[in-house]
Engineer: 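I am attaching a structure below and will ask some questions about it afterwards.
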Amino acid sequence: MKIKGFTLIELVVVIVVLAILAVTAMPRFTSFQSDARVSALQGLQGGMQSAADMIHPIAIQRGLDTISQATITIEGETVLLAWGYPAADSANTWSRLILSTFSDAIFDPDVPAEWYFHNNSANNWIRFMTRTMIDPNNNCFLRYTEATSSAPPSFELVQTGC
């Protein structure tokens with residue numbers, strides 16, 4: 001009777017080939033994760049821009065574009081405005097405009113949410129981060145800076161750490 005099976009050399013060769021395949025596939029996999037994070041942030045930016053573009057004409061019509069802080073009711077939700085555009089405030093603006101769950105990255109990092117944010121009320125901006133890049137020190141976020149009396153709001157997509 002002859003025993004069938006693999007020799008030790010054949011097993012080592014198979015393991016080496018699998019290791020080589022894994023090493024070549026890993027950078028592509030991490031690139032997909034980075035691309036997915038950037039795409040998610042770009043999608044959030046598109047949604048936020050659309051919301052701002054829809055609210056601003058209504059604010060102009062109601063004379064709210066010349067006021068530093070105002071509120072407007074959209075579909076039963078009261079939204080905070082700055083110079084006729086959505087304010088940099090997650091609880092009183094963006095969580096009401098975008099159907100998504102938001103949580104504070106500093107104070108509630110363990111609360112499950114679709115998006116995490118970090119505010120800087122002194123400079124009137126808010127950063128949004130994905131679930132996998134919750135640390136505000138990572139360079140993977142979308143920063144929304146609210147409007148001023150002389151400039152519309154701006155978006156900055158930082159993706160070097162994605």
Side-chain angles (χ1 to χ4, degrees), residues 5-58 74-77 79-148 151-162:
F6 295 107
T7 65
L8 184 59
I9 301 229
E10 290 171 330
L11 288 174
V12 169
V13 167
V14 168
I15 290 171
V16 168
V17 168
L18 289 174
I20 291 171
L21 289 173
V23 167
T24 58
M26 186 56 98
R28 290 183 183 154
F29 178 69
T30 55
S31 176
F32 287 148
Q33 288 179 335
S34 175
D35 291 347
R37 288 183 194 109
V38 171
S39 294
L41 290 170
Q42 288 171 336
L44 179 63
Q45 179 179 348
M48 291 174 72
Q49 184 68 59
S50 294
D53 290 345
M54 289 189 307
I55 287 175
H56 189 62
I58 298 168
I74 304 291
E75 295 182 7
E77 294 284 345
V79 176
L80 186 60
L81 299 179
W83 303 105
Y85 290 98
D89 185 309
S90 180
N92 299 309
T93 304
W94 295 110
S95 64
R96 297 175 182 179
L97 290 175
I98 297 177
L99 298 177
S100 196
T101 55
F102 295 89
S103 185
D104 192 308
I106 300 295
F107 299 108
D108 299 322
D110 297 326
V111 175
E114 294 169 315
W115 294 100
Y116 291 87
F117 67 90
H118 176 247
N119 279 38
N120 185 320
S121 55
N123 293 326
N124 296 327
W125 57 257
I126 186 169
R127 284 188 292 202
F128 293 96
M129 297 146 296
T130 63
R131 281 187 280 191
T132 56
M133 289 300 214
I134 190 171
D135 184 354
N137 295 317
N138 292 333
N139 287 326
C140 184
F141 58 84
L142 173 66
R143 182 184 356 237
Y144 173 80
T145 304
E146 73 181 25
T148 65
S154 64
F155 294 93
E156 178 188 9
L157 180 61
V158 177
Q159 57 186 341
T160 57
C162 290

Engineer: Can you check whether Ile58 reaches Met54 side chain to side chain, under 4.5 Å on heavy atoms?
Structural biologist: no
Engineer: Might you point out which heavy atoms bring Pro86 and Ile55 nearest each other, and give the distance in Å?
Structural biologist: CG-CD1, 4.2 Å
Engineer: Indicate yes or no for a side-chain donor-acceptor contact from Glu146 to the backbone of Asn124 under 3.5 Å, with no hydrogens or angles considered.
Structural biologist: no
Engineer: When you compare the side chain of Glu156 with that of Thr145, does any pair of heavy atoms fall below 4.5 Å?
Structural biologist: no
Engineer: Looking only at heavy atoms, what is the nearest atom pair of Ala147 and Ala82, with distance?
Structural biologist: CB-O, 3.6 Å
Engineer: About how many Å separate OG of Ser103 and CH2 of Trp115, when rounded to the nearest 0.5 Å?
Structural biologist: 14.0 Å
Engineer: Between atom OH of Tyr85 and atom CG of Leu80, what is the distance when rounded to the nearest 0.5 Å?
Structural biologist: 15.5 Å
Engineer: Using the test ring pair (Phe, Tyr, Trp, His ring centres under 6.0 Å), find all partners of Tyr144 that sit at least two apart in sequence or belong to another chain.
Structural biologist: Trp94, Phe155
Engineer: Return the SG to CD distance between Cys162 and Gln33, rounded to the nearest 0.5 Å.
Structural biologist: 11.5 Å
Engineer: Got a second to check how far Thr132's OG1 is from Asn138's CG, nearest 0.5 Å?
Structural biologist: 9.0 Å
Engineer: What are the two closest heavy atoms between Thr93 and Val79, and how far apart are they?
Structural biologist: CG2-CG1, 3.7 Å
Engineer: Would a 4.5 Å heavy-atom cut-off, applied to side chains only, mark Thr101 and Glu114 as touching?
Structural biologist: yes
Engineer: Apply the test side-chain contact (heavy atoms from CB on, under 4.5 Å) to residues Phe128 and Met48: give CA-CA distance (whole Å), side-chain angles for both, the deciding distance (0.1 Å), then the verdict.
Structural biologist: CA-CA 11 Å; Phe128 293 96; Met48 291 174 72; 3.4 Å; yes
Engineer: Whether the side chain of Tyr116 engages the backbone of Val111 through a donor-acceptor N/O pair (distance < 3.5 Å, no angle test) should be reported.
Structural biologist: yes
Engineer: Rounded to the nearest 0.5 Å, what separation is found between the CD atom of Glu75 and the CG atom of Leu97?
Structural biologist: 9.5 Å
Engineer: Specify the closest pair of heavy atoms between Met129 and Ala105, including all atoms of both residues, with the distance to one decimal.
Structural biologist: CE-CB, 3.5 Å
Engineer: Which heavy atom in Phe107 sits nearest to a heavy atom in Asp104, and how many Å separate them?
Structural biologist: N-OD1, 3.1 Å
Engineer: If I take atom CD from residue Gln45 and atom CG from residue Leu157, how far apart are they, to the nearest 0.5 angstrom?
Structural biologist: 6.0 Å
Engineer: Which residues pass the ring pair (Phe, Tyr, Trp, His ring centres under 6.0 Å) test with Trp83, sequence neighbours left out?
Structural biologist: none
Engineer: Can you tell me if Asn123 uses its side chain to pair, donor with acceptor, with the backbone of Trp125 under 3.5 Å?
Structural biologist: no
